[in-house]
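Computation of the quantities below employed the complete heavy-atom set of this structure, encompassing side-chain atoms and omitting hydrogens, waters and symmetry-equivalent molecules.
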Amino acid sequence: MALTKSHTGLWLRGFHPAPQAPARLVCFPHAGGSASFFFPVSKTLSPELEVLAVQYPGRQDRRHEPAAENIGELADRITEQLRPLPDKPVAFFGHSMGAVVAFEVARRLEGGGVSPLVLFASGRRAPSAVREESMHTAGDADFVAEIKRLSGTDTRMLGDDEVLRMILPSLRSDYRAIETYRCAPGASVRCPIDVLIGNADPHVTQTEAASWREHTTGRCDIRVYAGGHFYLNDHAVAVTDRIARRISALRAAV
């Protein structure tokens with residue numbers, strides 16, 4: 001069954017339709033990120049996988065909508081969008097804030113009897129590995145400096161005052177949402193979790209990444225790449241290959 005316009009729209013973006021693909025990958029962007037970040041992933045994995053990317057409110061064509069400031073509420077809204085999708089095995093890939101959002105959506109779907117094949121948690125420490133952070137309250141100069149340091153946003157955009165005024169509100173809202181997030185005690189999923197991090201990422205240590213094992217009753221594997229918070233920009237081929245092979249293996253095991 002193919003996706004229809006009712007299945008894609010504001011929240012879910014499909015760049016390379018693959019209705020005959022045997023499984024679906026849903027991608028969750030980082031703080032300040034948009035669905036288009038995953039266009040290259042979709043191009044690489046389609047048509048073997050049907051790739052959808054979540055478009056959070058407050059950015060690009062949704063820039064006039066208020067951005068979410070609470071991970072739980074954001075996960076609730078995304079879950080509503082995913083539940084009515086045509087029946088097909090699904091896997092999640094979330095980077096940074098997106099890893100936590102994907103985890104919370106997986107929890108909600110599993111509560112309704114639908115378990116993802118696997119959750120790829122990229123560039124993010126485990127939900128229970130809490131750091132006290134307040135970058136969302138920083139002044140504009142310090143806040144922009146942090147974004148540039150992580151290299152998650154085109155630095156040319158951050159040098160344009162007009163563009164900066166347009167994107168800062170959603171960036172701050174995302175940071176507020178992830179920095180104030182606290183997972184429920186003992187929160188876990190049944191699906192396996194693949195954790196992918198950069199060895200020089202200032203926002204997650206290998207110990208913090210290993211704590212994802214506490215959040216699944218399934219298998220948890222950890223892969224460390226050379227690089228920082230956006231290590232995946234330099235390891236796109238290896239990461240997409242890992243995604244494809246892992247999903248194929250899990251489908252074969254079902």
Side-chain angles (χ1 to χ4, degrees), residues 1-30 33-56 59-62 75 77-96 98-99 101-103 105-106 108-110 112-123 152 189-196 218-219 221 223 225 230-254:
M1 181 177 180
L3 290 176
T4 66
K5 288 185 177 179
S6 64
H7 295 126
T8 58
L10 285 179
W11 286 91
L12 302 172
R13 308 296 166 92
F15 302 112
H16 303 90
Q20 303 306 316
R24 177 180 300 117
L25 177 70
V26 180
C27 300
F28 298 75
H30 53 281
S34 60
S36 59
F37 180 79
F38 292 106
F39 182 92
V41 174
S42 174
K43 184 177 181 180
T44 299
L45 294 177
S46 299
E48 286 75 19
L49 288 173
E50 183 180 50
V51 180
L52 295 178
V54 177
Q55 182 78 314
Y56 304 140
R59 63 220 65 210
Q60 292 185 333
D61 58 338
R62 302 190 70 184
R77 298 291 303 279
I78 296 170
T79 302
E80 291 173 4
Q81 302 298 313
L82 292 177
R83 278 198 178 114
L85 289 186
D87 186 27
K88 182 182 292 190
V90 64
F92 289 169
F93 182 98
H95 181 66
S96 193
V101 178
F103 171 72
V105 172
R108 286 155 173 76
L109 286 178
E110 287 191 345
V114 178
S115 184
L117 286 170
V118 59
L119 164 61
F120 296 96
S122 168
V189 292
R190 297 188 298 275
C191 68
I193 298 177
D194 269 25
V195 185
L196 315 176
R219 176 174 172 174
D221 293 307
R223 177 71 168 87
Y225 296 86
F230 283 87
Y231 73 90
L232 66 176
N233 290 337
D234 296 322
H235 299 280
V237 174
V239 171
T240 53
D241 182 64
R242 182 182 180 91
I243 291 170
R245 287 187 292 104
R246 187 81 167 101
I247 292 175
S248 177
L250 287 166
R251 284 186 53 249
V254 172

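Heavy-atom minimum distance, P19 versus K88: O-NZ, 3.3 Å. Taking both residues in full, the closest heavy atoms of P116 and A106 are given as CG-CB, 4.0 Å, listed atom of the first, atom of the second, then distance. Here the closest non-hydrogen pair linking P29 and A35 is CG-N, 4.1 Å.
Evaluation of the ring pair (Phe, Tyr, Trp, His ring centres under 6.0 Å) rule for Y231 yields Y225 as partners, not counting sequence neighbours. The side-chain contact (heavy atoms from CB on, under 4.5 Å) check on R251 picks up P22, A23, L117, I247, with sequence neighbours excluded. Take F28 and apply the ring pair (Phe, Tyr, Trp, His ring centres under 6.0 Å) test, not counting sequence neighbours, and it matches F92. For S42, the side-chain contact (heavy atoms from CB on, under 4.5 Å) criterion is met by F15, H16, S46, V51, not counting sequence neighbours. Among residues two or more places apart in sequence or in another chain, the side-chain contact (heavy atoms from CB on, under 4.5 Å) test is passed with S34 by S36, Q55, R59, Q60. Partners of R219 according to the salt bridge (charged side-chain N to carboxylate O under 4.0 Å, His left out) rule, which considers only residues two or more places apart in sequence or in another chain, are D221. In this structure E48 satisfies the side-chain contact (heavy atoms from CB on, under 4.5 Å) test with no other residue, sequence neighbours excluded. Considering only residues two or more places apart in sequence or on other chains, R108 meets the side-chain hydrogen bond (donor to acceptor under 3.5 Å, both in side chains) condition with D76, E104.
Formation of a donor-acceptor pair under 3.5 Å by the E110 side chain with backbone atoms of C191 is found in this model.
Ring pair H95/F37 is parallel by interplanar angle, where below 30° counts as parallel and above 60° as perpendicular. Using bins of under 30°, 30° to 60° and over 60° for the plane-to-plane angle, the ring pair F120/F93 lands in the tilted bin.
For the pair V237/T44, no side-chain contact is recorded, criterion being any heavy-atom separation below 4.5 Å from C-beta on. The shortest side-chain heavy-atom distance between L52 and L85 falls under the 4.5 Å cut-off. Taking the side chain as every heavy atom from C-beta outward, L196 and H235 never approach each other to under 4.5 Å. L82 has its side chain out of reach of V90: every pair of non-hydrogen atoms, C-beta onward, lies at least 4.5 Å apart. Using a 4.5 Å heavy-atom cutoff, the side chains of F39 and R13 are not in contact.
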